[in-house]
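Below is one structure; the comments refer to it alone.
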Number of protein chains: 2
Amino acid sequence: MPYTRDQLVEQLRRHDINPTHQRIEIAFALYSRGEHLSADQVLAIVNDRHSETSKATVYNTLNLFLEKKLIREVIVDPNKVFYDPNTEPHHHFYNVDTGELADIDAAGVEVHGLPPLPDGMVTEGVDIIVRVRSR
Amino acid sequence: MPYTRDQLVEQLRRHDINPTHQRIEIAFALYSRGEHLSADQVLAIVNDRHSETSKATVYNTLNLFLEKKLIREVIVDPNKVFYDPNTEPHHHFYNVDTGELADIDAAGVEVHGLPPLPDGMVTEGVDIIVRVRSR
DNA sequence: GTCACGATTAGACTCAGTCCAGATCATGGT
DNA sequence: ACCATGATCTGGACTGAGTCTAATCGTGAC
């Protein structure tokens, strides 16, 4: 996923986000790799060369991106949240041993036999996590 | 689920767990309610009347129970892990607003179209989380 | 009794994530 | 250019879940 910074600025604007330096860099970290990253990892990547962005800003920005549906959060590891630049409907393989995450395209995946929702409830989303082990 | 302490002692023994006072109380907290509890909640319940059990023991014991497959862990809330006395295959409704968790019996639920596992991988389990909102 | 060993404990510690109050930046008006 | 304003960013203190450690306790074997 080769994103230019200009494209990311557009993307941010489209989601009603004021494209500041820090926000662009954080978006770049996530989108250019297309990987699942923890807040820690984002912080490390963004500050790789010279320290540019504070911890607080990384968290603020990730939560802003979440709110504006620019990224998704993936909760599989009891220790940390992962942030996912892929907002298309999809599911995940999770390697319990290594902590690795891999996408599963939701197209073609079907779930049958779920009971009806409790009264007055609305589905927000269905997440499928396939936990796998090496060996 | 009305479990007597004697039944729980049996249950613990069957899973190769030395049934100490604390372990029985923790098992009782989980099994007698049949609810999803966080470590915090377990600690509070067990120490409701007189302080009987330390934080360290609660965590040690919950992890021991996990290892011995007496309980399962449910990871849906970014803040805390929930422990589930139900070890039968099942899935979950998760109310994003209230944090409430409800079981979905896995019997009858089918998933189709998952891609084959990466080479040399073994499925550990498939978790489905239906995120719902009130209203 | 005492020795050994597993279980429990208080409290210090770690680490992800939040909060806060001050500094900095961008923008628009004059 | 200058200032005012609001939005953003920042370091550092803080919180809360979970872990670690070293000391103590309980129980059974001898």
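Source: prediction; values computed, not measured.
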Checking Arg5(B) against Phe28(B): charged group under 6.0 Å from the ring centre and within 45 degrees of the axis? yes
Just the rounded figure in Å: distance from C1' of dC9(D) to CG of Asn63(A). 15 Å
To the nearest angstrom, the CG-C1' distance between Leu62(A) and dG17(C) comes to 11 Å
According to a hydrophobic-cluster definition based on side-chain heavy atoms being under 4.5 Å apart (Ile, Leu, Val, Met, Phe, Trp, Tyr only), do Leu64(B) and Val81(B) belong together? yes
Hey, is the side chain of Gln22(A) poking within less than 4.0 Å of OP1 or OP2 on dC25(C), counting only N and O atoms? no
Starting at NE2 of His21(A) and ending at C1' of dC9(D), how long is that distance when rounded to a whole Å? 12 Å
Which of these passes side-chain hydrogen bond (donor to acceptor under 3.5 Å, both in side chains) with His90(B): Asp127(B), Asp105(B), Asp84(B)? Asp84(B)
Would you say dC19(C) has OP1 or OP2 under 4.0 Å from some side-chain N or O of Asn60(A)? no
Minimum-distance nucleotide (side-chain atoms of Ser54(A) versus dT8(C), dG11(D), dT8(D)): dG11(D)
What is the distance, to the nearest angstrom, from the CD atom on Glu52(B) to the C1' atom on dC25(D)? 16 Å
Can you check whether any acceptor in the base of dG11(D) is under 3.5 Å from a donor in the side chain of Lys55(A), or vice versa? no
Can you tell me if Asp103(B) and His91(B) form a side-chain donor-acceptor pair at under 3.5 Å? no
What's the CD1-P distance between Ile17(A) and dT8(D), to the nearest Å? 10 Å
Atom OH of Tyr59(A) and atom C1' of dG12(D): how far apart are they, to the nearest Å? 15 Å
May I have the distance from Gln41(A) (atom CD) to dG17(C) (atom C1'), rounded to whole angstrom? 16 Å
Would you say His15(A)'s side chain and Arg13(A)'s backbone share a donor-acceptor pair under 3.5 angstrom? no
Have a look at Asp77(A) and say if it touches a base, only the backbone sugar-phosphate, or nothing, with a 4.0 Å heavy-atom cut-off. nothing
d(CD, Glu73(B); C1', dA17(D)) in whole Å: 13 Å
Nucleotide of dA17(D), dA16(C), dT8(C) approaching Lys80(B) most closely (side-chain heavy atoms): dA17(D)
So what does Thr53(B) touch, heavy atoms closer than 4.0 Å: a base, only the sugar-phosphate, or nothing? sugar-phosphate
Pairwise 5' ranking along DNA chain C for Asn18(B) and Ala56(B), keeping only the more 5' one: Asn18(B)
Regarding Thr57(B), tell me which of base, sugar-phosphate or nothing describes its non-hydrogen contacts under 4.0 Å with the strands shown. base
